[in-house]
Each structure stands twice: as structure tokens, then as C-alpha cells.
There are 2 protein chains.
Amino acid sequence: MTKNTKFRTPDCGLSKVQQMLGGKWKLLLLWYLSEKPRRFGEIRRCFPEITEAMLTKQLRELEQDKLIYREVFKVVPPRVEYSLTDLGSKFSPIIEAMHEWGEENLKD
Amino acid sequence: MTKNTKFRTPDCGLSKVQQMLGGKWKLLLLWYLSEKPRRFGEIRRCFPEITEAMLTKQLRELEQDKLIYREVFKVVPPRVEYSLTDLGSKFSPIIEAMHEWGEENLKD
DNA sequence: CAGGATCCGCTACGATACTG
DNA sequence: CAGTATCGTAGCGGATCCTG
């Protein structure tokens with residue numbers, strides 16, 4: 001490689017990844033959903049620090065980016081389940097690796 | 001696992017990772033430095049979209065987090081070289097994986 | 001139960017000018 | 001060459017209240 005065009009920013013895949021997963025809770029949410037599908041309430045209870053508004057927003061963004069799937073059951077009371085898409089599933093090993101790296105190396 | 005304490009936020013390794021690498025340019029910079037050590041000017045020229053102030057800030061943060069090493073040569077004109085630390089090197093396969101995932105799956 | 005609607009502060013990001 | 005020093009801004013993240 002003579003020119004390092006591969007690092008030029010906007011069209012680089014890595015940049016897109018960062019934009020998609022830059023949100024403060026995105027990685028945590030994806031990681032949580034990688035275990036198994038979850039209902040809104042479950043997620044909320046698992047991450048009490050996130051406000052409902054914020055949680056909704058992040059979930060919607062992940063949905064728009066095709067990382068998670070949102071299934072609405074037409075029942076009363078309402079039931080909504082979030083799960084990883086294929087795309088999201090393909091990413092979860094990376095999240096797992098990031099977590100391991102953090103656990104092993106970030107023991108301040 | 002009966003309780004999902006592993007997802008509880010603040011003490012989770014994944015959260016720390018996100019805080020460390022959440023910066024808009026951090027991943028790109030680490031990736032660039034994973035090729036080989038670079039001087040400040042080289043980095044700047046490779047990422048003309050980053051202002052000098054921003055670049056300096058991000059590099060300093062990466063340095064504080066022990067991901068990169070900053071070596072100052074006492075010469076005129078000044079020469080400063082940035083390189084990955086062992087910690088940073090251990091993370092670069094993950095960056096590579098993120099990039100590949102992006103390239104393969106984000107072709108909108 | 002699973003959200004939507006507002007409002008708002010902070011700080012991450014950036015533009016510009018200057019320096020050892 | 002490799003930075004600092006200031007200042008300005010947008011939007012992310014959050015608090016709070018409301019609804020199908």
C-alpha cells in the first residue's frame with residue numbers, strides 16, 4: 001500500500017461502526033440482548049440508570065440500524081420484544097471480545 | 001446464571017471500554033497507529049478533518065488511558081512519535097474485526 | 001406495559017489564532 | 001514541527017410529566 005486511502009474517514013467502514021455504536025448504552029444493550037430476546041421492561045430493570053426516554057431512543061436507533069429487531073405483540077397489556085438481527089448477531093462476538101479485553105486489562 | 005449482575009453498568013469492563021474509545025476519532029487513530037508508529041504531522045495529514053486541537057486532545061486521552069505511547073525526541077525541529085502500547089496492541093485485532101464487519105455488512 | 005412529548009444542561013466537538 | 005489558548009456551538013444524554 002503506497003497511499004493510505006484506507007484510513008480516509010467518511011467512507012471507511014470503521015467510521016460507520018463508530019457512528020452506529022457510539023451511543024452511550026448501545027454496546028451494553030446489544031450485549032444484553034445477545035443472551036436472549038428481552039422485553040422492554042426487562043431491559044429497563046436491568047439498566048435502571050437509563051431513563052425510559054433514553055432507552056427507547058437508543059433501542060429505536062439500533063432498530064433503524066438493523067442491529068436489533070422489534071416485535072410487537074398485539075395483546076393487552078402490550079408486549080414488545082427486542083432481539084438481535086442477523087447483523088447484530090454477527091457483531092456480538094466482537095462485543096464479547098471487547099468485554100474480555102476490558103476485564104483482563106482494565107483492572108485499575 | 002440466575003442474576004444478570006454481569007450487565008450492571010458502572011463496574012462492567014465493557015462500559016470502561018466504551019468510555020475510553022467513545023471519542024469520535026479514537027478508533028481511527030488506534031487503527032492507523034496499529035500499522036506502525038507515526039509522527040504528529042503524519043497523523044494530521046492522514047486525517048485532515050480533525051483539527052489540531054482535537055487531534056492533540058484525543059491523542060492525550062489515549063495516552064492517559066495507556067493505549068498509545070508518546071515519545072518526544074529532543075531535537076530541533078521537534079519530533080514526536082506515537083505508537084501503540086502493549087495494551088493498545090492487544091486491542092487492535094478487535095478494531096480490525098470491527099472494520100471487517102463494517103465493510104462486509106454496511107454497504108448501504 | 002411500553003412508550004411519547006418537552007425541556008434543558010453539559011461537554012464533546014470544532015474554528016481560529018497564536019507559540020516554543 | 002508540534003503543539004497551546006480561546007471561544008463558540010450542536011446535539012447527546014437526561015429529568016420530568018403524560019398517554020394508547
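Just so it is clear, the values below take in all heavy atoms, side chains as well, and ignore hydrogens, waters and symmetry mates. Below, read A as the first sequence line, B as the second, and so on, with proteins coming before strands; counting in each chain starts at 1.
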- Message: Does the structure place the NZ or CZ of A:Arg38 under 6.0 Å from the centre of the six-membered ring of A:Tyr82, at an angle of no more than 45° from the ring's axis?
- Response: no
Taking [atom1] from [X] and [atom2] from [N], how many angstroms apart are they, rounded to a whole number?
{"X": "B:Arg44", "N": "D:dT4", "atom1": "CZ", "atom2": "P", "value": "13 Å"}
{"X": "B:Lys57", "N": "C:dA15", "atom1": "NZ", "atom2": "C1'", "value": "14 Å"}
{"X": "B:Glu52", "N": "C:dG20", "atom1": "CD", "atom2": "C1'", "value": "14 Å"}
{"X": "A:Leu59", "N": "C:dA2", "atom1": "CG", "atom2": "C1'", "value": "11 Å"}
{"X": "A:Lys74", "N": "C:dC1", "atom1": "NZ", "atom2": "P", "value": "19 Å"}
{"X": "A:Glu81", "N": "C:dC1", "atom1": "CD", "atom2": "P", "value": "15 Å"}
{"X": "B:Met54", "N": "D:dC7", "atom1": "CE", "atom2": "P", "value": "18 Å"}

- Under 4.0 Å between a side-chain N or O of B:Arg60 and OP1 or OP2 of D:dT4? yes
- Item | Below 4.0 Å: OP1/OP2 of C:dC1 and any side-chain N or O of A:Arg38 | no
- Task: Kindly point out which of C:dA15, D:dG13, D:dG14 is positioned nearest to the side chain of A:Gln58?
- Result: D:dG13
- Minimal heavy-atom distance between B:Lys24 and B:Gln58, with the atoms involved, is N-OE1, 4.1 Å
- Going by atom types only, do B:Trp31 and B:Glu96 share a side-chain donor-acceptor pair under 3.5 Å? yes
- Given DNA chain C, 5'-ward residue of the pair A:Ala53 and B:Thr51, judged by closest heavy atom: A:Ala53
